[in-house]
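What you see is a predicted model; the values in this text were computed from it and never measured. Chain naming here is simple, since letters A, B, ... match the order of the sequence lines and numbering starts at 1 in each.
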2 protein chains.
Amino acid sequence: MLRLSKLTDYAVVVLTRLEEAEEGGVLTAPGLAAATGLGEPTVSKVLKILSHAGLVEGRRGALGGYRLTRPLAAMPLTDVIAAIDGPIALTACVDNSIGVCDAEATCPVRGRWDPVNDAIRRALSGISIADLAGAPQRAALAAE
Amino acid sequence: MLRLSKLTDYAVVVLTRLEEAEEGGVLTAPGLAAATGLGEPTVSKVLKILSHAGLVEGRRGALGGYRLTRPLAAMPLTDVIAAIDGPIALTACVDNSIGVCDAEATCPVRGRWDPVNDAIRRALSGISIADLAGAPQRAALAAE
DNA sequence: TGAAAACAGTACCTGAATGGTCCTGATTGC
DNA sequence: GCAATCAGGACCATTCAGGTACTGTTTTCA
């Protein structure tokens, strides 16, 4: 099913909420949890990961919270996926994983998933988070 | 990590072996297992799935075995992925899964993964199994 | 100066899905 | 009639993602 982790989905939701309330202020993790309907610990986890990746900025203290480091339009989807799910690769058979596959010697497609991974990366790099959240009504937007 | 199931990987391997030995004859599941280095039950499972999807043809009986229904060059990767992993969709938030998400009411990206899924499908539909197995030495083939 | 608020980091537990195996039945050829 | 092979389904174990909790650090305010 080519599944993407739920955390990535949550990340997009949270980022969208952050963008909406981005009027110079910050939003707290509990506040974002309430706004999105997600669990507070989960939202906190997502925000921590995004903060680590530099997509959001966390400010500690009593008046702390999170805010975006860039507008969503300048935030490609690949950045979020890479932050949550790690490097974008369809299978474990990528360049840096030698010895994992037990059929390595006889496998005829060793390293051949690279063009697929590249195609996926290229397809995703053209989509920003703003494209996902921007216009729920404008149905046909990513078809060129 | 955008993981694809191992079965799909195995399927590509098995299909490649089938193509190699496709000189009018058929290959048995144990034979393919020996040729690929994979376990016999696993290979058999993959072949059954592929047969169900119409990508290979199984012939019962003493001289039975499997053979390709189409050349690998005419077999898009999406067909294999769809056969093994089901419909190609990145997340559970697709059109036919209403009610699964508990934050449905407040989720700002509901249904917005569609352009992403479409981009993925388009990227994968241009790649055939032959492209994966065809030329392990010709490194730059999918980069235009 | 102390308390409260909020992020930062880590560890742990649970549940589901994948991966792999096995068994039984149906079909075909010798 | 027997052997070989696919077909179909059920079953179990392992792994990993999802979710939670706890503790520490930093900042603000009374």
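The residue Gly58(B) sits close only to the backbone: its heavy atoms come under 4.0 Å of sugar-phosphate atoms, none of a base. Among the protein residues, Gly39(A) comes within range of no part of the nucleic acid, since none of its heavy atoms lies under 4.0 Å from any strand.
Comparing Arg59(A) and Pro41(A) by the nucleotide of DNA chain D that holds the closest heavy atom to each, the one mapping nearer the 5' end is Pro41(A). Taking for each of Leu7(A) and Arg60(A) the nucleotide of DNA chain D with the nearest heavy atom, the 5'-most of the two is the partner of Leu7(A). Nearest-nucleotide positions on DNA chain C for Glu40(B) and Glu57(A) put Glu57(A) closer to the 5' end.
Taking every side-chain heavy atom of Lys6(A) into account, dG19(D) is the closest of dG29(C), dG19(D), dG20(C). Among the nucleotides dT28(C), dG9(C), dA17(D), the one closest to any side-chain atom of Ser5(A) is dA17(D). Comparing dG9(C), dC7(C), dG20(C) against the side chain of Lys48(A) picks out dG9(C) as the nearest. Comparing dA4(D), dA5(C), dG18(D) against the side chain of Ala62(B) picks out dA4(D) as the nearest. When distances run from any side-chain atom of Thr28(B) to the nucleotides dG19(D), dT21(C), dC6(D), the shortest one goes to dC6(D).
What you find for Met75(A) and Leu15(A) is that their closest heavy atoms are SD-CD1, 3.8 Å. Scanning both residues, Val80(B) and Ala11(B), for their nearest heavy atoms gives CG1-CB, 3.8 Å.
The separation between Ile84(B) atom CD1 and dG20(C) atom C1' is 14 Å, rounded to whole Å. Note: CG (Asp85(B)) to C1' (dA17(C)) measures 12 Å, nearest angstrom. Distance Ile49(A) CD1 to dG19(D) P: 12 Å, rounded to the nearest Å. Summarising the geometry, the separation between CZ on Arg3(A) and C1' on dT15(D) is reported as 13 Å, rounded to the nearest angstrom. As a whole-Å value, the separation of Lys45(B) NZ from dT24(C) C1' is 17 Å. Nucleotide dC7(C) holds its C1' atom 13 Å from the CG atom of Leu32(A), rounded to whole Å. With rounding to whole Å, Asp9(A) atom CG is found 13 Å from dG18(D) atom C1'. Atom CG of Leu4(A) is separated from atom P of dA17(D) by 12 Å (rounded to the nearest Å).
The side chain of Tyr10(B) contributes no N or O atom lying less than 4.0 Å from OP1 or OP2 of dG19(C). Not one side-chain nitrogen or oxygen of Ser51(B) sits closer than 4.0 Å to the OP1 or OP2 atom of dC6(D). Phosphate proximity of dA7(D) to Tyr66(B): present, with a side-chain N or O under 4.0 Å from OP1 or OP2. Using a 4.0 Å cut-off, some side-chain N or O of Thr42(B) falls inside it from OP1 or OP2 of dT21(C).
Inter-residue side-chain proximity for Thr42(A) and Lys45(A) is flagged as unmet; no heavy-atom pair is nearer than 4.5 Å. Trp113(A) places a side-chain heavy atom less than 4.5 Å from the side chain of Leu4(B).
No donor-acceptor pair under 3.5 Å is formed between the side chain of Ser51(B) and the backbone N or O of Leu47(B). Between the Ser44(A) side chain and the Ala29(A) main chain, no donor and acceptor come within less than 3.5 Å of each other.
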